[in-house]
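The sequence lines fix the lettering, A, B, ..., with proteins before strands; numbering per chain opens at 1. Every value quoted in this text rests on a predicted model; they were computed, and no experiment measured them.
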Protein chains: 4
Amino acid sequence: MPDKRERILSSAEALIAQRGFHGISMQQVATRANVATGTIYRYFSDKETLLRCVHEERLRDAATAILQNVDAEEPSYAQFRQLWLNTMHYLQASPDSLCYRVQYEASPLFNREEERLMDERYFKPVHEFFECGRVKGLFRDLPAELLGFLALENLMLLIQKCTKGCIELNNDIYEQLLDASWNAILKR
Amino acid sequence: MPDKRERILSSAEALIAQRGFHGISMQQVATRANVATGTIYRYFSDKETLLRCVHEERLRDAATAILQNVDAEEPSYAQFRQLWLNTMHYLQASPDSLCYRVQYEASPLFNREEERLMDERYFKPVHEFFECGRVKGLFRDLPAELLGFLALENLMLLIQKCTKGCIELNNDIYEQLLDASWNAILKR
Amino acid sequence: MPDKRERILSSAEALIAQRGFHGISMQQVATRANVATGTIYRYFSDKETLLRCVHEERLRDAATAILQNVDAEEPSYAQFRQLWLNTMHYLQASPDSLCYRVQYEASPLFNREEERLMDERYFKPVHEFFECGRVKGLFRDLPAELLGFLALENLMLLIQKCTKGCIELNNDIYEQLLDASWNAILKR
Amino acid sequence: MPDKRERILSSAEALIAQRGFHGISMQQVATRANVATGTIYRYFSDKETLLRCVHEERLRDAATAILQNVDAEEPSYAQFRQLWLNTMHYLQASPDSLCYRVQYEASPLFNREEERLMDERYFKPVHEFFECGRVKGLFRDLPAELLGFLALENLMLLIQKCTKGCIELNNDIYEQLLDASWNAILKR
DNA sequence: GATGAATGAGAATTCATTCAT
DNA sequence: GATGAATGAATTCTCATTCAT
């Protein structure tokens, strides 16, 4: 059974999505993964480690989704548009992932250094895009992470609000928001 | 000691800030507040209620801070600037408050309807400012909440990142961010 | 307020009847009696004492009800019939009282010596009736308490079963049971 | 140790006998059974379930004891005598069982329907004996449960009184009581 | 490697009792 | 006498983790 680790991870993911960050027990994860409780501890030294791994897994998935079809050869706006739409679609398709991330980052599990490393590892092309635009004088003279934040990351909270039902979006609003993001980072 | 309720609330706040939303026990809250465990239950029917009250308290404080010195008679940009700076300063001064809110809103405690009512109650002037600008044709034709979100609320995640040490800010960056926010909502 | 003690007692009775022997708190008793929690302790040294007093109160009421219209001048069977019917009616009218008594007597509160004293105090005429019949050679040569038990006290469990819905009674059955009781104690 | 469930059950039984139906904690049960608190919850989902199981277990044991050596081929009186003596001996040998049952039936745990099912399951032969006698015209024309009650079940309260020390019995009295029970149910 | 029964510390909550006012 | 806020030990139940098989 080469996929036991995988099964455990995805069980944890699914359960957290359903019941919230702290609403799951190792027993539940084990049951859903069709393994014994003790088995989890062969793959993850403790619950914290398991949660960290889920986090990294999701981050990797997110990066993959967001970078899909982004071609560094294309013009900046086209790339930006693709990035923005990818982000939006990914967040809407996986609201749980978002909910998990927000809680994880606000929790004591969150570790600045590890986060930076993962960002580096998975989101390098995104940072490079913004850095490149900054150097070319297209974007504001802000650190790439800040540009990325202004343009993409704030969608996280926004989509969370939508998921919770506070705000409703439609295609017209999408375009406006995309435009607003673009204008936020453009140098004047 | 007429302020026992107050002491309990602020103990809960402080502990959540230190140990995270789910990392606190009623015992700890009681000990820190210098009351007996049972005493908490005279003031809050259960843990959930206590957490909800902390949330509302914080929201009220935040609204007060953010609306300070905002004068509806002044020009739009002046008002916006004041709102933005107030928000920024409040968030920086009370990073715990922020951390709490993000966790609360991602938790199962969060209830859309109650949230809407509280928003209405405490942040009405903010919404009015954005609505007014929209009607005048100054801001994009987006719902006031979305404008508010684009301009102010996304600072939440940003400051959280700063607090966690991922990004460093300075006065120059402030001005850039303020400007970026302004440009994000302006009608072109 | 001369009746505060009385109010506390009857609140306790009523609550126990509604929620069972151990389902009541002193707070609830106090609230229902319209007194402060502490006030109960001016009249009853502790919960146990309160429960004992309720027990005695009920026993006295039961004795009064059972002895109503029993005339020592009348023939034995007439007296017996009256006793039996009184008992039956009392138990049916106050199933709570019964429920309370059964639980009390099975609980560690129950004290043999006190019980004997109370029996003596309140049920003397009943015992005398059976003793008298025994001496006359009408009833079996058994201790009066046993005769009383065979004739009357076993109705307690029976009525409890009825109250719980296990058995249904009607007038014809009454007469049969009355007759059965009479035959159980008669000397042959 | 394959009998952990058994140990828990009998610890609960013993403690209830000692301290009363409501005077036991899961801790105490666990300690007496030499298991950890949590272990109880592997076998019984909660305290209520544990108490219900003790009840059923005892009922089954009682039925077994009471039906011992009762032969449906023998004459009615012989069967009755055996049933009555079995009941008496069982009750005297297991006064705790009795005490438990009375408290259980008076408690909110008691459920009419479940009780009927258990009665059916375990005491069917007893009911059949009485029903059969009724049909033959030997016993009073009363429902079998009532005949059973008059003949046997009222011994419960009686033995309880003896156990508590209110009444003393001897062999002569046994015979008298047995005879009284027989006469109570006989058709005249 | 895998299992899952067992563990027991720790959680939320209740409630008999006290005592300053 | 009366009050009722405060107490804190005790209760039921959960769950991360271990370890004999």
Going by heavy atoms in the side chains, are [X] and [Y] under 4.5 Å from each other?
| X | Y | answer |
| --- | --- | --- |
| A:His55 | A:Met118 | yes |
| A:Phe44 | A:Leu9 | yes |
| B:Glu114 | B:Glu56 | no |
| D:Arg32 | D:Gln18 | yes |

- Item | Side chain of D:Met26 - closest among F:dA6, F:dC13, E:dA6 |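 The answer is F:dC13.
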- Task: Take A:Arg112 and A:Glu115 through the test salt bridge (charged side-chain N to carboxylate O under 4.0 Å, His left out) and record every step on the way to the result.
- Result: CA-CA 5 Å; A:Arg112 182 217 302 213; A:Glu115 195 73 3; over 6 Å; no
OP1 or OP2 of [N] versus the side-chain N and O atoms of [X]: is any pair under 4.0 Å?
| X | N | result |
| --- | --- | --- |
| A:Thr39 | E:dT3 | yes |
| B:Lys4 | F:dA6 | yes |
| A:Tyr43 | E:dG1 | no |
| A:Ser25 | F:dT14 | no |

Starting at [atom1] of [X] and ending at [atom2] of [N], how long is that distance when rounded to a whole Å?
| X | N | atom1 | atom2 | result |
| --- | --- | --- | --- | --- |
| B:Ile40 | F:dA6 | CD1 | P | 12 Å |
| D:Arg5 | E:dA6 | CZ | P | 13 Å |
| B:Phe44 | E:dA12 | CZ | P | 15 Å |
| C:Leu50 | E:dC15 | CG | C1' | 14 Å |
| D:Leu51 | F:dC13 | CG | C1' | 15 Å |

- Message: Applying a 4.0 Å non-hydrogen cut-off, can you work out what A:Ile24 is touching in the nucleic acid: base, sugar-phosphate, or nothing?
- Response: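 Counting heavy atoms under 4.0 Å across all strands, the contact made by A:Ile24 is with sugar-phosphate only.
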- Determine which nucleotide pairs with F:dA20, using a 3.5 Å limit on both distances of a Watson-Crick or G-U wobble pair.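 E:dT3 - that is the nucleotide pairing with F:dA20, both distances being under 3.5 Å.
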- Task: With a 3.5 angstrom cut-off on both distances, give the Watson-Crick or G-U wobble partner of E:dA12, or none if there isn't one.
- Result: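 For E:dA12, the partner nucleotide comes out as F:dT11, under the 3.5 Å rule.
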- Upstream residue (5' side of DNA chain E) when D:Gly38 and B:Thr37 are each assigned their closest nucleotide: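 Per heavy-atom nearest nucleotide, the more 5' residue is D:Gly38.
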